[in-house]
Amino acid sequence: MKTLLRWAGAIALALSPAPAIAQAAGSSVQFPAGYATGNSPCVKLADGSCAPVSLTNPLPIADGPLAAATSTALMGTATTGTTAIGPFTPQLGRGIRVILRGTWAGTFAVSTSVDACATLNPLTIGGSTWGSFTGNANEIVDVPTLAGVVYCGTATISSGSLLWGLRQ
């Protein structure tokens, strides 16, 4: 039993951080006790030093509403037949919203393209089609991250009238 306790003590000592680590020369991280190591994220202060996250040093976050999108929204009406929509050039990093309203039957599908909607690449997730609708909707279908990729829509209406929108 004594041997087991000695081994446990030796392992605990070997795995515990040395007090000198927190006090290494050149370290700009300050901890309240001065000898404890940091186990939390830190926030870069104006002077370039790093302080542990706390009520006085919270994580930086974006505050307030986003500014208006720089992209130009596309809106229109589709009736019986097939209507090609686009290209919609998105602002990177903002969700693309599809808004579909009206009394209609058919499909509305969102695709991507690198050649101004001449070639359509369907939105997919896990190999399954995504961004294809058969009824009214108001939802984000993608968040673009690649420059040069535009979004296109195809409305295939068998009856009724669809009011559509593609915007950010």
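Just so we're clear, the structure is a prediction, and the values are computed from it rather than from any experiment.
When side chains are defined from C-beta on, Pro87 does not count as touching Tyr151, because their heavy atoms never get closer than 4.5 Å. The shortest side-chain heavy-atom distance between Thr82 and Thr154 falls under the 4.5 Å cut-off. Annotation: side chain of Ser159 is not in contact with side chain of Trp104 (no heavy-atom distance under 4.5 Å). With contacts defined as side-chain heavy-atom distances shorter than 4.5 Å, the pair Thr112/Leu123 qualifies. Put simply, the side chain of Thr79 does not reach to within 4.5 Å of the side chain of Ile157, judged on heavy atoms. When side chains are defined from C-beta on, Val114 does not count as touching Thr119, because their heavy atoms never get closer than 4.5 Å. For the pair Glu139 and Phe133, the minimum side-chain heavy-atom distance is below 4.5 Å.
Remark: side-chain polar atoms of Thr124 are not paired, donor with acceptor, to backbone N or O of Gly127 under 3.5 angstrom. Counting only distance, with no hydrogens or angles, the side chain of Asp47 and the backbone of Ser49 share a donor-acceptor pair below 3.5 Å. Counting only distance, with no hydrogens or angles, the side chain of Asn136 and the backbone of Gly102 share a donor-acceptor pair below 3.5 Å. Although no hydrogens or angles enter the test, the distance criterion places a donor-acceptor pair under 3.5 Å between the side chain of Ser158 and the main chain of Ala105.
Pairs passing the disulfide bond (SG atoms under 2.5 Å apart) check and including a residue from residues 75-168, sequence neighbours excluded, read Cys117-Cys152.
The distance from atom CG of Leu166 to atom CD1 of Ile96, rounded to the nearest 0.5 Å, is 6.5 Å. The structure places OG1 of Thr80 at 11.0 Å from CG of Leu162, a figure rounded to the nearest 0.5 Å.
Partners of Ser71 under the side-chain hydrogen bond (donor to acceptor under 3.5 Å, both in side chains) rule, at least two apart in sequence or in another chain, are Gln168. Under the side-chain hydrogen bond (donor to acceptor under 3.5 Å, both in side chains) criterion, Arg167 pairs with no residue at all, not counting sequence neighbours.
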**Asked** Please walk me through it: do Thr89 and Thr72 pass side chain to side chain contact (heavy atoms under 4.5 Å, CB included)?
**Response** CA-CA 8 Å; Thr89 304; Thr72 302; over 6 Å; no
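Residues Ile125 and Val110 are members of one and the same hydrophobic cluster, defined by side-chain heavy-atom contacts under 4.5 angstrom among Ile, Leu, Val, Met, Phe, Trp and Tyr. The hydrophobic cluster containing Phe88 does not contain Leu120, counting ILVMFWY residues as joined when their side-chain heavy atoms lie under 4.5 angstrom apart, directly or transitively. A single hydrophobic cluster is not seen to contain both Val150 and Ile85; linkage of ILVMFWY side chains at heavy-atom distances under 4.5 Å, directly or through other members, places them apart. Cluster membership check: Trp130 shares its hydrophobic cluster with Val98, using side-chain heavy-atom separations under 4.5 Å among Ile, Leu, Val, Met, Phe, Trp and Tyr.
Among all heavy-atom pairs drawn from Thr83 and Ala78, the shortest one is OG1-CB, 3.7 Å. The shortest heavy-atom contact between Ala155 and Phe108 is CB-CD1, 3.8 Å. Scanning both residues, Ala118 and Ser113, for their nearest heavy atoms gives N-OG, 4.0 Å.
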